[in-house]
Amino acid sequence: MDLRLLKKRFYERDPKIVARGLLGKKIVRRFGNISLEGLIIETEAYYGSKDPASRAFYGMKNYNKSMWGEPGSIFIYNVHNNWMFNIVAHEFRKVGAILIRALEPLKGIEVMKVNRGVGDLRLIASGPGRLSRALNIDKSLNNKTVTSDHSEIFIVDNNIEFDIGTSYRIGVKIDLDEKLRFFIKGNKYVSR
DNA sequence: CGCCAGATTGACT
DNA sequence: GTCAATCTGGCGG
C-alpha cells in the first residue's frame, strides 16, 4: 500500500481544483509485468451541462456515461483516432472530468518509445493522444478506477516545486470565459 | 447503412 | 502557419 496514493476524496472536488492538483503528480501504468511512469505536466478541466466544450454538454449517451461515474474513475473516448484519457472529478452529484494532456516520461521509457514509434523524449507523451499510445491506454480502461494501487492505472503524490501556467482550453470549438487549462510553467513537455 | 463531427496528430508550405 | 488522414460513435433514413 502506497501511502501517497490519491484516493476518491481527492477527485471529489471542483474539476478546476482537481486539474491544478494533478499537476506534478506521478501517474503509474501497469499491465502484465510492465510498469510505466510519468509526471503530469498539463491538464484541462471539463464540466457538465454548463460547459459547451464538454462531452457531457448534450446529456448522457452511451459513450459518455462514465463521466457521471464515481470521482476517480476513468472516462475515455476517441477523437480522430486518438484515445482521450480523462479522470472523472466532480463535487457530489455533479458532472466533470480532467483531461490529461501531457506527461514527462519517467520510467519504462524504452517501452514508451516502442509504443510511440519515436525516439525524441519530448514527442512521447506531450499531447493527449500521444500519451495514451505511450501508456497503452484505450477504451478497455473506460470506467475503471485509479484510486486503488491494484488498478491498471493509479496516481501518487509527489513532492516537487513548480509554477503553474493557465490558458484557455486547446482545440475546443466554444470555450467558457475562464481559463481551464493548467500546465507546469517552463516545462519542455507541455504540448504545443 | 451512409453521413458527419471531433477535447488530434504528423507532414508539409 | 496550413491541411488531410484516420476511426469511433451518434444520428437519420
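Proteins get letters first, then strands, A, B, ... in listed order; numbering begins at 1 in each.
The nucleotide C/dT6 finds no pairing partner, because no Watson-Crick or G-U wobble arrangement with both distances shorter than 3.5 Å includes it.
Looking at A/Leu106, A/Leu36, A/Ile155 one by one, the single match for side chain to side chain contact (heavy atoms under 4.5 Å, CB included) with A/Ile27 turns out to be A/Ile155. For the salt bridge (charged side-chain N to carboxylate O under 4.0 Å, His left out) with A/Glu37, the lone residue among A/Lys25, A/Lys26, A/Arg29 that qualifies is A/Lys26.
If you check every strand for non-hydrogen atoms under 4.0 Å, A/Asn86 touches a base.
Closest to the side chain of A/Met84, from the set C/dC11, B/dT9, B/dT8, is B/dT8. Listed nucleotides: C/dT8, B/dT9, C/dT6. Nearest to the side chain of A/Asn82: B/dT9. Here the side chain of A/Lys61 is nearest to one of C/dC11, B/dG6, C/dC7, namely C/dC11. Across C/dT6, C/dG10, B/dG6, the shortest atom-to-atom separation from the side chain of A/Asn78 is found for B/dG6. Checking C/dG10, C/dT6, B/dG6 against every side-chain atom of A/Val79, the shortest atom distance belongs to B/dG6.
Heavy-atom distances to DNA chain B give each of A/Ala53 and A/Val118 a nearest nucleotide, and the one nearer the 5′ end belongs to A/Ala53.
An OP1 or OP2 oxygen of C/dT6 is reached within less than 4.0 angstrom by no side-chain nitrogen or oxygen of A/Arg133. Remark: A/Lys139 is in phosphate contact with C/dG9, judged by side-chain N or O atoms under 4.0 Å from OP1 or OP2.
Listed for the A/Ser132 side chain is a donor-acceptor partner under 3.5 Å among the backbone atoms of A/Trp83.
In this structure, A/Arg169 atom CZ and B/dT8 atom C1' are separated by 16 Å, rounded to whole Å. Atom pair A/Arg122:CZ and B/dG10:P shows a separation of 14 Å (rounding to whole Å applied). Protein atom CD1 of A/Ile76 is 15 Å distant from nucleotide atom C1' of C/dG9, rounded to whole Å. Straight-line distance from the OH atom of A/Tyr77 to the P atom of C/dT8: 15 Å, rounded to whole Å. One atom, NE2 of A/His80, and another, P of C/dA4, lie 12 Å apart when rounded to the nearest Å. Atom CD1 of A/Ile100 and atom C1' of B/dT8 are 17 Å apart (whole Å). Separating the CH2 atom of A/Trp83 from the C1' atom of C/dG9 is a distance of 9 Å, rounded to the nearest angstrom. At whole-Å resolution of the value, NZ in A/Lys65 and P in C/dG9 are 12 Å apart.
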Original post:
A/Asn142 and A/Tyr77: side-chain hydrogen bond (donor to acceptor under 3.5 Å, both in side chains), yes or no, with the steps?
Top reply: CA-CA 8 Å; A/Asn142 195 35; A/Tyr77 69 95; over 6 Å; no
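In this structure, CZ in A/Phe85 is found 5.0 Å from CD1 in A/Ile137, a value given to the nearest 0.5 Å.
A donor-acceptor contact under 3.5 Å is formed by the side chain of A/Arg192 with the base of B/dG10.
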